[in-house]
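One is the number of the first residue; the rest follow in order along the sequence.
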Amino acid sequence: MKRMFFGLLVCLLGGPSLSAVAATALKVETLASGLAYPWSVAFLPDGRWLITERAGQLRILDESGLQPAPVTGVPAVYAASQGGLFDVLPAPDFAESGQLYLSFAHGRPKANATRVVRARLDGDRLVEVTPIFTASPEKNTPVHYGGRMAWLPDGTLLLTLGDGFDFREAAQELDSHLGSIVRLHADGSIPADNPFVGQPQALDAIYTYGSRNVQGLVVDGRSGRVYAHEHGPRGGDEINVLQAGGNYGWPVATHGIDYSGAVISPYTQRPGMIDPLVVWTPSIAPSGMALYQGSLFPEWPGDLLVSTLAERSLRRVDLDATGRVIGQQTLLDERNTRFRDVRVAPDGAIIVLTDAPDGEVLRLTPAAR
């Protein structure tokens with residue numbers, strides 16, 4: 001499917017270059033430090049923020065600062081290499097229910113998988129912790145878990161799942177969750193209108209497949225578009241626009257090569273596989289992603305913000321009203337820091353987490369002119 005091919009040209013052949021977007025002066029404030037590899041941040045209705053640390057801690061940041069004691073009741077995680085505690089996502093009705101969702105690596109070295117639990121936040125502790133989903137099959141690698149979550153407008157939950165690195169062929173198999181994005185009801189049950197429900201030898205939870213390791217997931221409630229970005233190997237990082245039942249190609253169609261330099265596939269496109277909106281070669285290692293909706297940056301509403309690990313920057317992907325890429329911009333690259341997550345705070349400020357043993361929470365606003 002040759003859709004959104006103009007966006008693909010952005011990074012491979014020049015297209016609207018980074019210089020096509022005007023430079024932006026930023027004011028950078030450090031709101032908190034001393035976090036051990038923070039992975040995700042979420043905003044609660046009462047003004048508190050929740051921050052996950054990969055080793056398995058859930059932290060609270062409030063108006064007085066980062067609370068010294070982590071939230072209790074967090075389930076044990078398998079913390080090894082890329083494995084650990086990943087995303088935190090409040091329920092849509094959090095203000096009434098106090099419920100939230102955590103994704104994390106679960107298991108042991110020879111048998112682990114991505115798991116999601118639902119829990120209720122009671123002050124500074126989690127109660128009523130209930131597993132609602134565990135990916136299948138288990139794997140014996142501590143990498144490529146996915147782990148990002150987002151709510152669709154109909155109240156169903158999307159969860160990204162990596163290919164486990166050594167099992168990339170499974171991303172093309174519907175009897176495995178590896179390399180897929182699944183769609184669940186809030187209690188973990190399977191929506192009856194999932195695209196592969198009732199199909200023989202297919203797992204009912206699968207919503208899309210053919211991905212390597214998706215760690216950015218954004219739902220645009222205005223347009224209905226769902227954006228997901230994923231890590232390529234050497235080259236071939238992507239942003240895709242999700243379609244129910246869509247096959248995103250990995251590893252049959254890819255712009256990347258293996259870390260050894262070997263060719264993974266001779267194909268960058270194949271019939272029945274959906275082309276990316278954006279490809280980054282060389283790799284930038286995209287981590288988190290947010291859709292800007294706010295008033296502090298008046299030229300940015302509707303644009304995507306992508307935190308990166310290898311490029312050590314925050315990228316803005318400038319989209320027009322149709323979702324076409326018209327430019328890109330790098331920000332914060334002068335800090336030479338790995339960035340793990342990016343979110344838009346309720347006041348329109350941009351919040352970024354640094355990926356470090358002494359990780360920071362940064363607040364970005366326009367610099368005074």
Side-chain angles (χ1 to χ4, degrees), residues 11 18 24 26-42 49-59 61 66 77 79-88 103-105 142-148 160 162 165 212-218 228-239 256 259 278-290 292 304-317 328-345 349-364:
C11 294
L18 297 179
T24 302
L26 295 173
K27 177 183 178 181
V28 181
E29 303 171 80
T30 302
L31 300 184
S33 60
L35 290 152
Y37 294 101
W39 210 94
S40 176
V41 58
W49 298 4
L50 297 176
I51 302 167
T52 60
E53 294 176 298
R54 196 176 66 209
Q57 289 76 42
L58 180 63
R59 307 293 296 275
L61 179 65
L66 183 66
V77 307
S81 186
Q82 296 175 7
L85 181 59
F86 305 134
D87 213 357
V88 54
S103 62
F104 56 95
V143 291
H144 287 205
Y145 291 92
R148 196 66 73 177
T160 72
F165 189 82
R212 185 171 182 266
N213 191 25
V214 175
Q215 291 190 327
L217 188 62
V218 165
H229 71 50
E230 63 184 88
H231 296 271
R234 284 177 57 184
D237 297 344
E238 300 177 357
I239 296 179
Y259 294 113
V278 174
V279 171
W280 288 295
T281 299
S283 292
I284 66 171
S287 46
M289 182 163 59
Y292 190 78
L304 296 174
L305 301 171
V306 178
S307 53
T308 76
L309 300 169
E311 188 179 66
R312 297 176 176 242
S313 73
L314 178 66
R315 279 226 176 199
R316 177 166 75 96
V317 180
Q328 295 192 44
Q329 178 183 18
T330 56
L331 304 159
L332 302 180
D333 49 315
E334 73 282 355
R335 300 179 74 92
N336 192 30
T337 300
R338 288 164 57 92
F339 297 103
R340 171 55 70 180
D341 197 17
V342 56
R343 303 288 172 131
V344 179
I350 297 167
I351 305 302
V352 179
L353 302 181
T354 66
D355 182 61
D358 184 16
E360 297 178 316
V361 182
L362 306 179
R363 181 177 186 264
L364 313 181

For Asn213, all residues meeting side chain to side chain donor-acceptor pair (under 3.5 Å), sequence neighbours excluded: none
Partners meeting side chain to side chain donor-acceptor pair (under 3.5 Å) with Thr160 (sequence neighbours left out): none
Between [X] and [Y], what is the shortest heavy-atom contact and its length?
X: Ala345; Y: Trp49; value: CB-CZ2, 4.4 Å
X: Ala310; Y: Ser283; value: CB-O, 4.2 Å
X: Ala105; Y: Gly83; value: CB-CA, 3.9 Å
X: Asp358; Y: Gly34; value: OD1-N, 2.7 Å
X: Arg315; Y: Trp280; value: NH1-NE1, 3.4 Å
X: Ala55; Y: Ala79; value: O-CB, 4.0 Å

Rounded to the nearest 0.5 Å, how far apart are [atom1] of [X] and [atom2] of [Y]?
X: Thr308; Y: Arg338; atom1: OG1; atom2: CZ; value: 9.0 Å
X: Glu334; Y: Ser313; atom1: CD; atom2: OG; value: 10.0 Å
X: Ile350; Y: Leu305; atom1: CD1; atom2: CG; value: 5.0 Å
X: Arg59; Y: Leu50; atom1: CZ; atom2: CG; value: 11.5 Å

Is there side-chain contact between [X] and [Y], with at least one heavy-atom pair below 4.5 Å?
X: Val306; Y: Leu314; answer: no
X: Val361; Y: Leu353; answer: yes
X: Val278; Y: Leu304; answer: no
X: Arg54; Y: Leu85; answer: no

Pair Val342-Ile351, side-chain contact (heavy atoms from CB on, under 4.5 Å): steps then yes or no: CA-CA 6 Å; Val342 56; Ile351 305 302; over 6 Å; no
Are any side-chain N or O atoms of [X] and backbone N or O atoms of [Y], one a donor and one an acceptor, separated by less than 3.5 Å?
X: Asp355; Y: Tyr37; answer: no
X: Thr354; Y: Glu360; answer: yes
X: His229; Y: Ala285; answer: no
X: Thr281; Y: Gly236; answer: yes
X: Ser103; Y: Arg148; answer: no
X: Glu53; Y: Ala36; answer: yes
X: His231; Y: Pro286; answer: yes

Glu230, Gln82, Arg340 screened by side chain to side chain donor-acceptor pair (under 3.5 Å) with Gln215, the one that passes: Arg340
Evaluation steps, side-chain contact (heavy atoms from CB on, under 4.5 Å), between Leu362 and Phe339: CA-CA 10 Å; Leu362 306 179; Phe339 297 103; 4.1 Å; yes
Pair Glu311-Thr330, side-chain hydrogen bond (donor to acceptor under 3.5 Å, both in side chains): steps then yes or no: CA-CA 9 Å; Glu311 188 179 66; Thr330 56; 6.0 Å; no
No-hydrogen, no-angle side-chain donor-acceptor test under 3.5 Å, Ser40 and Asp87: yes
Leu332 vs Leu364, side-chain contact (heavy atoms from CB on, under 4.5 Å): CA-CA, chis, key distance, verdict: CA-CA 10 Å; Leu332 302 180; Leu364 313 181; 3.8 Å; yes
Parallel, tilted or perpendicular, as decided by the 30° and 60° cut-offs, for the rings of Phe165 and His144: perpendicular
